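Since the model is a prediction, treat every value here as computed from it, not as a measurement.
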Amino acid sequence: QVQLVESGGGLVQAGGSLSVSCVASGTIFSIGVMAWYRQAPGKQRELVAQITSGGSTDYADSVNGRFTISRDNAKQTVYLQMNRLKPDDTGTYYCNADVNYWTGAGPRRRDWWGQGTQVTVSS
């Protein structure tokens, strides 16, 4: 009923920049908070940044001032611009969205996750 598909990411040297994006599709009638999480090998998934439908943002202390989250509500897309990347930023980056959507049984609301995209920062 709903899909989140990430793109972007890749390999970059420390100090470089990357961007990732995530498009939501399906029987959606509204999206609330959209967020980026990341998970490094052997570590728990952690919140990187989130943005409300009105554009209010919040960042993890570790990325504040280096990463910028934004969204295009008309395109149902959320972006993450990552600058001054560090090796500690390496991990799989996941998109998350709080989605109101239609089903055959009526409207529903739940969190959805993308499949993840890899970001690797070499030292």
Residues forming a side-chain hydrogen bond (donor to acceptor under 3.5 Å, both in side chains) with Ser19, sequence neighbours excluded: none
Residues that Arg110 engages under side-chain hydrogen bond (donor to acceptor under 3.5 Å, both in side chains), provided they are two or more places apart: none
Residue pairs involving residues 28-55 (criterion ring pair (Phe, Tyr, Trp, His ring centres under 6.0 Å); sequence neighbours excluded): Phe29-Trp102, Tyr37-Trp113
Pairs meeting criterion ring pair (Phe, Tyr, Trp, His ring centres under 6.0 Å) with involvement of residues 75-94, two or more places apart: none
Shortest non-hydrogen contact between Val20 and Gly9, atoms and distance: CG1-N, 3.3 Å
Only distances under 3.5 Å count here; give the side-chain donor-acceptor pairs of residues 116-123 to other protein atoms, sequence neighbours excluded, each with its distance to 0.1 Å.
{"from": "Thr117", "atom 1": "OG1", "to": "Gly8", "atom 2": "O", "distance (Å)": "2.9"}
{"from": "Gln118", "atom 1": "OE1", "to": "Thr92", "atom 2": "OG1", "distance (Å)": "3.0"}
{"from": "Gln118", "atom 1": "NE2", "to": "Gly91", "atom 2": "O", "distance (Å)": "3.4"}
{"from": "Gln118", "atom 1": "NE2", "to": "Thr120", "atom 2": "OG1", "distance (Å)": "3.3"}

Test side chain to side chain contact (heavy atoms under 4.5 Å, CB included) applied to Met34 and Gln50, step by step: CA-CA 6 Å; Met34 302 185 83; Gln50 60 183 16; over 6 Å; no
Name of the residue among Leu80, Val63, Asp58 meeting side chain to side chain contact (heavy atoms under 4.5 Å, CB included) with Ile69: Leu80
Euclidean distance, Met82 CE relative to Leu18 CG, rounded to 0.5 Å: 5.0 Å
Contact list for residues 15-120, test disulfide bond (SG atoms under 2.5 Å apart), sequence neighbours left out: Cys22-Cys95
Qualifying side-chain hydrogen bond (donor to acceptor under 3.5 Å, both in side chains) pairs with a residue from residues 80-90, counting only residues at least two apart or across chains: Ser17-Asn83, Arg38-Asp89, Arg66-Asp89, Gln81-Asn83
All salt bridge (charged side-chain N to carboxylate O under 4.0 Å, His left out) counterparts of Arg45, not counting sequence neighbours: none
Run the side chain to side chain contact (heavy atoms under 4.5 Å, CB included) test against [X] and tell me which residues pass, sequence neighbours left out.
| X | value |
| --- | --- |
| Thr103 | Gln1, Tyr101, Ala105, Arg108 |
| Asp111 | Asn96, Asp98 |
| Ala24 | Leu4, Ile28, Ile31, Gln76 |
| Ser30 | Asn100 |

Non-hydrogen side-chain atoms of Glu46 and Gln39 separated by less than 4.5 Å: no
Side-chain heavy atoms of Tyr59 within contact of Val48, under 4.5 Å: no
CA sep, side-chain torsions, deciding dist, call: Ser21, Ser7, side-chain hydrogen bond (donor to acceptor under 3.5 Å, both in side chains): CA-CA 5 Å; Ser21 60; Ser7 61; 2.9 Å; yes
